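Order of the sequence lines fixes the chain letters, A, B, ..., with proteins taken first and strands second; residue numbering starts at 1 for each chain. Since the model is a prediction, treat every value here as computed from it, not as a measurement.
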Amino acid sequence: MKGNLQVTIEVKNLVKKFGAFAALDHVDLKVANGELLALLGPSGSGKTTLLRIIAGLDWPDSGEVTFDGEDALARGAGERDVGFVFQHYALFRHMTVFENVAFGLRVQPRAVRKDEASIRARVKELLDLVQLDWLSDRYPSQLSGGQRQRIALARALAIEPRILLLDEPFGALDAKVRKELRQWLRSLHSEIHVTSIFVTHDQEEALEVANRVVVMDKGRIEQIGTPGEVYDHPATAFVHGFIGESIVLPVDVRDGGVRLGGKALNIAADGASSGASQLFVRRHDMQVGPPGSGAFEGAVQRVRTFGPIQRAEVALSADKSVIEIDAPRDRELRTGDIVGLQPRRYRIFAAQD
Amino acid sequence: MTLEMTLQRVQTADPEDLERAQPLYPARNNPRTEPGPIRIAIIAIAVTFLTVFVVLPLVVVFAQAFSKGIGAYFSALSDPEALSAIRLTLWVAAISVGLNLVFGLVAAWAIAKFDFRGKTLLISLIDLPFSVSPVIAGLVFVLLFGAQGYWGPWLQAHNVHVLFAVPGITLATVFVTFPFVARALIPLMQEQGTQEEEAAISLGASGLQTFFRVTLPNIKWGVLYGVLLCNARAMGEFGAVSVVSGHIRGETNTMPLQVEILYNEYQFEAAFAIASLLAMLALITLVAKTILERRLDEGQPPSDD
């Protein structure tokens, strides 16, 4: 219909303020065609605002949004060929499932509107795609959350959008349905391959579903990368702390050495600049050994086991802080054990204010 | 309003609840229930009160209206002055309900779906007719349009009759009944939010398509509810209309004014015949209101989260 179903989205220097609060603070982003991109961040990070501006439901104070080089801001929401799926579905409550999906086709200008038979055929096709054709005569209030979400998706796809935007698509669903829908969305995307962006605050969801993840905080983009990149090579302290479970210790970097609670640690500063800093270590990257064997020493206070791992709370002797580590179960830890801890991998970032 | 609600509650509480609440230790089985004698006393007080203040007057209205037989009743209603009053009342009600439907929809739309400066002020202004005595409302129009009023001389010079004519009566009625539609719609629309409208717009619907296909169907029972109450008040309004009407027989008397005039002239059964029409309107309104309230409750979707 539109020829090219895949479109490149480019966002340049986007600023949006709500009063004194900067929801978007000079954001630049490029989304490649056919990509499935996740906007990940805590609430208030600006991810939903960015999505709504791309959809045309909000307007930026300044900046540019282009689809394949064309100025998108010059067009209204209805003229952008964007399918939007709302967090709370926003299904039309007085219409049947069938009419909900048909809505976008029925409101088209008379000149391009399809005849009734084609509309029925198209709706049937979409309901088959989301595997809910047997619900076409029901009303939204008669559906479960997962069913509503899939109908909302079918409705958004009815207008053959060039871009699909999903705002916290699984946020209101329970854990099990959420898992199913995640896989389903992935396979749907590989089937229709439309450029898609979804917003989530759930890192697991972002890492599992998306090709690329954009991590946002306080209206800024902290890092853009594949799920592997953002997890293994966090660009900033925020990303390290937000994605995956991290141990964070306040350290002091001086003359290429690292100090904790005044005592020098046996690890390299790795080029970190001098001054008050934070040491980030993944819980499972803390290697447990005999006392004196690592950079840290501490007393095990409490141990819990989860399947293949044991999670131990260790009080560090250096500054008395308590950290949680995940260790394999090859060597059982017990309360009261004195252990040495050596980080296999770690990152040092300048302290945040 | 309060009386009607109490009436409903008494009716629903009466037969079933009393039967259900007869176990050995009622107080223990249902901690919210008072002991039997107290319950009976409370219900008796409510029933007596309602009988004296609501049921009895209604019965009296109809008894008086038919006191000289059905023939007298219908001849009182087919009197030219009575017919003129009925016609005028229907006209004024139709115009003011129509206008307030539009005003109410626009005001509720603006308040529920947008944020702007002075929103709180606008909400307070919508309630103004509820807090101002109708007589004052009528006097305001006399001050504006009367011979000694601000616009009076200009209107006279151009031979436009507002006061003591249908336009004045309509204006006063519009003012008094303004809040009903808006008040019925604002909470409903606020609760529904703007997401369905946003969904419609992103699917390519125009503003008008969004309004007629999405917004209006969602609030239709609320609209009917507001129209119903607005209409009841428009037909029954006395104070404001009395001030601006001029009481010209067969011309500017609405039904409530006609009732008063007939009553003052000791034509009791004629007065009560017209009053019985107004009482019937009240009863119909009450039934329709109950039905609409049920539809409104059903219309509420189950919460999403």
Has Glu196(B) got a side-chain atom pairing as donor or acceptor with Ala90(A)'s backbone, closer than 3.5 angstrom?
no

Going from CZ on Arg52(A) to OG on Ser202(B), what distance comes out if it is rounded to the nearest 0.5 angstrom?
10.0 Å

Chain B contact via Ala158(A) - side chain, backbone, both or neither, heavy atoms under 4.5 Å:
neither

Within the structure provided, determine whether Arg106(A) and Arg213(B) are in side-chain contact (heavy-atom separation under 4.5 Å).
yes

Is the number of heavy atoms from other residues, nucleotides or ligands under 6.0 Å of Lys113(B) NZ greater than 12?
yes

How long is the span from the CG atom in Leu216(B) to the NE2 atom in His94(A), to the nearest 0.5 Å?
9.0 Å

So what's closer than 4.5 Å to chain A heavy atoms on Glu198(B): side chain, backbone, both or neither?
both

List the atom of Ile159(A), the atom of Leu203(B), and the distance in Å for their closest heavy-atom pair.
CG2-O, 3.8 Å

Rounded to the nearest 0.5 Å, what's the gap from CZ on Phe92(A) to CD on Gln195(B)? Could you check?
11.0 Å

Check: Phe103(A) and Val214(B) side chains under 4.5 Å, non-hydrogen atoms:
yes

Measuring from atom CG of Leu57(A) to atom CD1 of Ile201(B), what distance do you get when rounded to the nearest 0.5 angstrom?
7.5 Å

Under 4.5 Å from a heavy atom of chain B, the part of Leu173(A) involved:
neither

